[in-house]
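As structure tokens, the structure follows; a few thoughts come after it.
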Amino acid sequence: MSIGYACLTIGVEDTSIKSCIMRNATDTRLKELIAWNLNSLNNILDYNIANNIRLFRISSDLIPFGSSPVNRVPWWEIFEQEFQRLGDKIRAHDIRVSMHPGQYTVLNSLNEDVVKRAIEDLRYHAKVLSCLKVGYECKIILHVGGVYGDKEQALNRFIFNYQGLEQELKHRIVIENDDKCYNIQEVLMLGLSQDIPVVYDNLHHIANPTIDFMSHKHWIDQCKQTWKKKDGIQKMHYSQQDKDKKLGSHSNSINLDEFIAFFHELNREDIDIMLEVKDKNLSALNCILYLKDSKPCE
DNA sequence: CCGCGTCAAGTTCAT
DNA sequence: ATGAACTTGACGCGG
């Protein structure tokens with residue numbers, strides 16, 4: 001079981017991921033940014049290794065405009081060596097990396113161009129992972145998308161578009177319940193029918209619950225069956241509500257008592273937990289240290 | 001140099 | 001019909 005964090009590492013020098021606005025995205029500028037970001041990723045990995053953090057989400061900004069025609073830099077060739085070294089490090093230390101396209105990547109859109117760009121974006125994310133030569137347990141997390149007033153049709157479009165994807169992408173993609181449109185029951189049905197692993201997000205489930213009163217544990221255990229051997233152990237997202245903000249907003253840091261209560265209720269060791277929290281590695285460290293201390297021997 | 005408006009992208013919901 | 005929120009930091013311009 002690993003606990004990890006997403007994208008940014010706080011308080012560690014030279015780990016920032018930089019980007020630029022589109023009109024400044026010249027080949028020269030992009031190459032500079034990519035070189036900087038790959039160096040940052042290397043420093044992040046060193047920090048994670050030193051602190052025994054074995055789960056990490058790589059920022060989609062690693063390659064700025066990575067899936068846009070604006071970026072014409074053949075980064076996978078220019079930086080082949082750097083990717084090789086980063087990948088060696090990831091594999092040598094058994095780190096599980098993932099990526100998570102944002103809300104603008106919508107595979108089931110009514111607009112064909114949006115779907116095309118979504119596929120390009122998935123290809124970009126998969127290309128980063130394949131450049132690192134990491135196994136298929138390193139995933140790309142995707143939301144199902146919009147509803148457009150007809151959920152059944154929207155789900156059918158997702159299925160149709162998903163089935164048309166190349167195998168390389170299907171090996172990477174996992175789907176997650178979101179806070180508005182598709183609850184865990186719907187995502188699970190979809191995952192079971194299409195053989196797509198399902199990531200359970202506890203806070204999204206609070207914001208967008210199923211009609212029954214099933215526990216977190218119930219759904220997490222249900223999701224387990226969607227994770228096959230080649231997918232690695234089951235993954236989930238864990239976050240806590242920021243009490244001062246609206247439903248679904250991530251908290252600044254992880255409240256340990258609350259996390260521990262959740263973890264005990266879950267009573268599972270065969271699961272990786274990605275924390276979604278603003279203080280990133282700091283809370284991850286907290287949780288990892290607590291669990292380490294509470295184990296009898298290791 | 002500091003501060004604040006803006007930033008590729010899509011969908012939903014509030015006004 | 002239009003615009004904000006989502007989630008969020010950081011880019012980069014204007015003063």
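Values below: every heavy atom of this structure, side chains too, minus hydrogens, waters and symmetry copies. Each chain gets a letter, A, B and so on, in the order the sequences are listed, and its residues count up from 1.
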Inspect the contact between [Y] and [X] and indicate whether a charged nitrogen and a carboxylate oxygen are less than 4.0 angstrom apart.
X: Glu120(A); Y: Arg123(A); result: yes
X: Glu176(A); Y: Lys139(A); result: no
X: Asp94(A); Y: Arg54(A); result: no

| query | Between Arg23(A) and Ser16(A), which is nearer to the 5' end of DNA chain C once each is assigned its nearest nucleotide? | reply |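 In this pair, the answer is Ser16(A).
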| said: Stacking between Tyr104(A) and dG10(B), defined as ring centres under 5.5 angstrom apart with planes under 30°, is that present or not? | reply: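 Aromatic stack with dG10(B) absent for Tyr104(A).
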Counting heavy atoms from C-beta on, name the nucleotide in [options] closest to the side chain of [X].
X: Tyr148(A); options: dT11(B), dT12(B), dG9(C); value: dT11(B)
X: Lys278(A); options: dC11(C), dT8(C), dA8(B); value: dT8(C)
X: Asn24(A); options: dG10(B), dC13(C), dG9(C); value: dC13(C)
X: Cys20(A); options: dT7(C), dG10(B), dG12(C); value: dG12(C)
X: Ser109(A); options: dT11(B), dA9(B), dT7(C); value: dT11(B)
X: Ile21(A); options: dC11(C), dG10(B), dT7(C); value: dC11(C)

For [X] and [N], give me the distance from atom [atom1] to atom [atom2], rounded to whole Å.
X: Glu112(A); N: dA9(B); atom1: CD; atom2: P; value: 20 Å
X: Arg117(A); N: dT11(B); atom1: CZ; atom2: P; value: 9 Å
X: Asn252(A); N: dT7(C); atom1: CG; atom2: P; value: 15 Å
X: Gln103(A); N: dA9(B); atom1: CD; atom2: C1'; value: 8 Å
X: Asp61(A); N: dT7(C); atom1: CG; atom2: P; value: 17 Å

| task | Would you mind pulling out the nucleotide paired to dC13(C), Watson-Crick or G-U wobble, both distances under 3.5 Å? | result |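 Pair assignment: dC13(C) / dG3(B).
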| Should dT12(B) form a Watson-Crick or G-U wobble pair with both distances under 3.5 Å, which nucleotide is its partner? |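 Result: dA4(C).
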Taking any heavy-atom pair under 4.0 Å as a contact, classify [X]: base, sugar-phosphate, or nothing.
X: Ser19(A); answer: sugar-phosphate
X: Asp179(A); answer: sugar-phosphate
X: Val70(A); answer: nothing

| said: Need to verify one output field. Residue with the more 5' nearest nucleotide on DNA chain B, Asp121(A) or Asn111(A)? | reply: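 Mapping each residue to its closest nucleotide by heavy atoms, the 5'-most match is Asp121(A).
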| Verdict with reasoning, Asp88(A) to Lys133(A), per salt bridge (charged side-chain N to carboxylate O under 4.0 Å, His left out) | CA-CA 8 Å; Asp88(A) 287 346; Lys133(A) 299 188 171 69; over 6 Å; no
| query | Can the positive tip of Lys224(A) be found less than 6.0 Å from the middle of the six-membered ring of Tyr200(A), inside 45° of the ring normal? | reply |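 No, cation not above the ring by the 6.0 Å, 45° rule.
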| Given dG10(B), is OP1 or OP2 found less than 4.0 Å from the side-chain N or O atoms of Thr105(A)? |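 So the side chain of Thr105(A) is outside the cut-off, no N or O lying under 4.0 Å from OP1 or OP2 of dG10(B).
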| said: Looking at dT8(C), I'd like to know if its phosphate oxygens (OP1 or OP2) sit under 4.0 Å from a side-chain N or O belonging to His250(A). | reply: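 The answer is yes; a side-chain N or O of His250(A) sits under 4.0 Å from OP1 or OP2.
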| Checking side chain to side chain contact (heavy atoms under 4.5 Å, CB included) against Val198(A), which of Ile220(A), Val187(A), Val174(A), Asn177(A) comes through? |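 For Val198(A), the side chain to side chain contact (heavy atoms under 4.5 Å, CB included) test succeeds with only one of Ile220(A), Val187(A), Val174(A), Asn177(A), which is Val187(A).
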